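See structure below.
Everything numeric in this text was worked out from a predicted model, so none of it was measured.
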Amino acid sequence: MYGELVSWQRCAGCGAEAELPGDETAGVAVPCPDCPGSMTEEFSWDSVAA
């Protein structure tokens with residue numbers, strides 16, 4: 001088994017939501033796919049996969 005950090009991101013400009021890999025997006029400004037804004041982390045969690 002291994003753990004994977006998952007980050008739920010939301011755009012303040014248009015409200016778009018995305019579930020992204022938390023390890024890859026931590027401390028990075030993720031561009032919104034729907035508008036010129038940036039995504040911000042709403043919350044994160046660890047998912048465990050077998």
| field | Pairs flagged by side chain to side chain donor-acceptor pair (under 3.5 Å) wherever residues 26-36 is involved - sequence neighbours left out | value |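 The answer is none; no pair qualifies.
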
| query | For Thr25, what residues pass the side chain to side chain donor-acceptor pair (under 3.5 Å) criterion, not counting sequence neighbours? | reply |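 Listed in chain order: nothing, the list is empty.
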
| field | Inter- and intrachain pairs under salt bridge (Lys or Arg N to Asp or Glu O under 4.0 Å), touching residues 10-22, at least two apart | value |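 For residues 10-22, and leaving out neighbouring residues, the salt bridge (Lys or Arg N to Asp or Glu O under 4.0 Å) pairs sorted by first residue read Arg10-Glu17, Arg10-Glu42.
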
| task | Identify, with sequence neighbours excluded, every residue that meets side chain to side chain contact (heavy atoms under 4.5 Å, CB included) alongside Cys35. | result |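 Result, side chain to side chain contact (heavy atoms under 4.5 Å, CB included) vs Cys35: Cys11, Cys14, Cys32.
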
| Is Val28 reachable from Leu20 through a run of hydrophobic residues whose side-chain heavy atoms are each under 4.5 Å from the next? |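 No; tracing contacts between hydrophobic side chains, which count when under 4.5 Å, never links both residues.
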
| Do you know which two heavy atoms are closest between Pro31 and Met39, and how far apart they sit? |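 Result for this residue pair: O-CG, 3.9 Å.
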
